[in-house]
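Below: the structure, in structure tokens.
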Protein chains: 2
Amino acid sequence: MSRAEQKEKTRRAIINAAFQQLSADKSFASLSLREVAREAGIAPTSFYRHFSDMDELGLTLVDEAGLMLRQLMRQARQRIVHNRSVIQTSVETFMEFIMQHSNVFRLLLRERSGTSAAFRSAVAREIQHFCAELADYLRKENKCSAEMALIQAEAMVILVFHAGADALDASDEVRQRITTKTIQQLRWLAGGSKPPAA
Amino acid sequence: MSRAEQKEKTRRAIINAAFQQLSADKSFASLSLREVAREAGIAPTSFYRHFSDMDELGLTLVDEAGLMLRQLMRQARQRIVHNRSVIQTSVETFMEFIMQHSNVFRLLLRERSGTSAAFRSAVAREIQHFCAELADYLRKENKCSAEMALIQAEAMVILVFHAGADALDASDEVRQRITTKTIQQLRWLAGGSKPPAA
DNA sequence: ATTTTCAGCTTACAAATGTACGCCCAATGT
DNA sequence: ACATTGGGCGTACATTTGTAAGCTGAAAAT
């Protein structure tokens with residue numbers, strides 16, 4: 001194996017190790033360099049060959065999470081075409097998605113209001129992308145102003161993300177109820193802004 | 001000073017020390033027993049005379065935060081009577097409140113989706129109280145079902161809390177914009193549910 | 001073929017942490 | 001007046017942490 005390939009491989013091992021350790025009971029902040037190195041199967045000091053410190057690793061994780069968000073958005077859009085309710089389809093897709101990538105989602109959720117300013121703004125940036133895309137869709141669909149569309153999109157994203165957070169630790173049955181509830185909430189938001197004066 | 005009085009005094013010193021150390025860059029999880037003890041002006045081992053461990057202290061903090069939430073609710077209600085818009089008054093009161101008690105609010109915000117299950121459920125309980133009170137108000141005001149009122153209240157609380165989180169670290173000007181935005185979002189929610197079919 | 005590069009290792013150390021153990025002494029109980 | 005209680009302290013120890021220094025061996029460059 002070439003040297004570059006090998007290096008990339010261990011780099012991924014570190015990233016995967018970090019994601020793996022992120023669970024309901026373990027936040028990124030509570031993760032230690034040594035733990036990650038152990039899980040990745042390398043010596044603690046070898047970590048520095050790839051990242052200058054844990055923060056740099058963290059920002060990489062946030063970037064990866066951002067990629068996943070975009071993937072989610074695409075997936076939701078594809079399903080919308082040949083289905084009934086846009087909102088219902090989107091929320092259900094979202095729920096499926098976060099169950100599959102729960103640790104990625106947990107990272108975004110926690111660092112969104114976490115202790116590191118760098119992390120907070122990195123997460124905020126990713127979520128802004130997400131909101132902007134949704135706002136664009138809403139604007140075209142509802143013919144409202146770009147400003148209102150963005151405000152509406154932000155509210156929707158907050159509600160969906162929050163529902164996701166609750167759903168992560170819930171049973172299938174409770175998750176179904178959360179989904180229904182969220183759909184209702186989004187419908188209120190969507191309905192309220194459609195007619196500029198009605 | 002009586003012994004009981006003295007004990008209560010140090011207990012409060014510990015609690016205050018903990019709240020003091022909670023800032024934008026310091027979560028409860030990243031707080032160490034020794035740090036708290038140092039700030040409170042006692043020896044590390046004296047901590048155990050009041051709390052069996054940091055978790056017990058944490059739950060106490062959450063309880064205190066819950067008390068403050070109820071105080072906030074009362075304060076908002078008082079102002080509503082002799083003012084114009086209910087939503088505007090409430091959101092503005094909320095914003096003022098969290099600026100005054102930012103560390104208390106930060107605790108609730110972080111532990112809401114934190115790493116300790118005990119904390120999460122404790123915070124969830126406090127927020128549920130808050131939602132229930134609001135839902136009660138909405139039900140009477142809007143004559144909608146109790147179930148819908150609760151779902152609506154939950155959405156509102158999530159949005160307001162989230163706005164609060166953003167506002168904490170923002171400039172006065174940005175905070176004003178956040179306030180306006182939130183009011184708009186709540187109005188959509190409120191408007192959507194008032195007429196059961198319209 | 002020889003030199004250079006560099007990912008990964010081992011060893012080492014200082015700092016911080018949680019907490020067990022036991023002493024002290026002033027408020028309380030008898 | 002004497003005994004007990006209990007809050008606060010100092011000491012001590014095992015762990016865990018981040019990271020500095022230096023070695024090794026194989027891939028890459030010459």
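This structure is a prediction, so every number in the text was calculated from the model and none was measured. Chain A is the first sequence line, chain B the second, and so forth, proteins listed ahead of strands; every chain is numbered from 1.
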Can you check the Ile14(B) CD1 to dG7(D) C1' distance for me, whole Å?
-> 11 Å
Rounded to the nearest Å, what distance is computed from the NZ atom of residue Lys7(A) to the P atom of nucleotide dA7(C)?
-> 4 Å
Quick one: do the Glu96(B) and Gln100(B) side chains pair a donor with an acceptor below 3.5 Å?
-> no
Whole-Å distance, Glu5(A) CD to dA26(D) P, equals 18 Å
Atom CZ of Phe51(B) to atom C1' of dG6(D): distance rounded to whole Å?
-> 17 Å
With sequence neighbours left out, the residues meeting side chain to side chain contact (heavy atoms under 4.5 Å, CB included) with Thr45(B) are Ala43(B)
Contacts satisfying salt bridge (Lys or Arg N to Asp or Glu O under 4.0 Å) that involve residues 60-78 of chain B (not counting sequence neighbours) are Arg12(B)-Glu64(B), Arg70(B)-Glu126(B), Arg77(B)-Glu133(B)
From NZ of Lys9(B) across to C1' of dA27(C) the rounded distance in Å is 16 Å
Please confirm whether Phe28(B) and Phe19(B) have ring centers closer than 6.0 angstrom.
-> no
Can you run down the salt bridge (Lys or Arg N to Asp or Glu O under 4.0 Å) pairs that involve residues 28-43 of chain B, sequence neighbours left out, and say none if there aren't any?
-> Lys26(B)-Glu35(B)
Taking N or O atoms only and anything under 3.5 Å, show me the protein contacts with nucleotides 10-18 of chain C, one pair per line.
| unit_1 | atom_1 | unit_2 | atom_2 | d |
| --- | --- | --- | --- | --- |
| dT10(C) | O4 | Thr45(A) | OG1 | 2.7 |
| dT17(C) | OP1 | Ser32(B) | OG | 3.1 |
| dT17(C) | OP2 | Arg38(B) | NH2 | 3.2 |
| dG18(C) | OP1 | Leu33(B) | N | 3.0 |
| dG18(C) | OP2 | Leu33(B) | N | 3.2 |
| dG18(C) | OP2 | Arg34(B) | N | 3.2 |
| dG18(C) | N7 | Arg34(B) | NH1 | 2.4 |
| dG18(C) | O6 | Arg34(B) | NH1 | 3.0 |

Output one line per pair: protein atom, nucleotide atom from nucleotides 27-30 of chain D, and distance, for all N/O pairs under 3.5 Å.
| unit_1 | atom_1 | unit_2 | atom_2 | d |
| --- | --- | --- | --- | --- |
| dA28(D) | OP1 | Arg3(A) | N | 3.2 |

Would you kindly give the CD1-to-C1' distance between Ile42(A) and dC6(C), to the nearest whole Å?
-> 14 Å
Starting at CG of Asp55(A) and ending at C1' of dT19(D), how long is that distance when rounded to a whole Å?
-> 15 Å
Got a sec, which residues hit salt bridge (charged side-chain N to carboxylate O under 4.0 Å, His left out) with Lys9(B), two or more places apart in sequence or on another chain?
-> none
Nearest-Å distance for atom pair CD/C1', residues Gln6(A) and dT5(C) | 16 Å
In residues 162-173 of chain B, what donor-acceptor pairs under 3.5 Å come from side-chain atoms, sequence neighbours left out?
| unit_1 | atom_1 | unit_2 | atom_2 | d |
| --- | --- | --- | --- | --- |
| His162(B) | NE2 | Arg112(A) | NH2 | 3.0 |
| Asp169(B) | OD1 | Arg106(B) | NH1 | 3.2 |
| Ser171(B) | OG | Val174(B) | N | 3.3 |
| Asp172(B) | OD1 | Arg175(B) | NH2 | 2.4 |
| Glu173(B) | OE2 | Arg177(B) | NH1 | 3.3 |

Where at least one partner belongs to residues 146-155 of chain A, residue pairs that pass salt bridge (Lys or Arg N to Asp or Glu O under 4.0 Å), sequence neighbours excluded = Glu154(A)-Lys181(B)
With sequence neighbours left out, write down each residue that passes side chain to side chain contact (heavy atoms under 4.5 Å, CB included) with His101(B), or none if nothing qualifies.
-> Met68(B), Phe97(B), Val104(B)
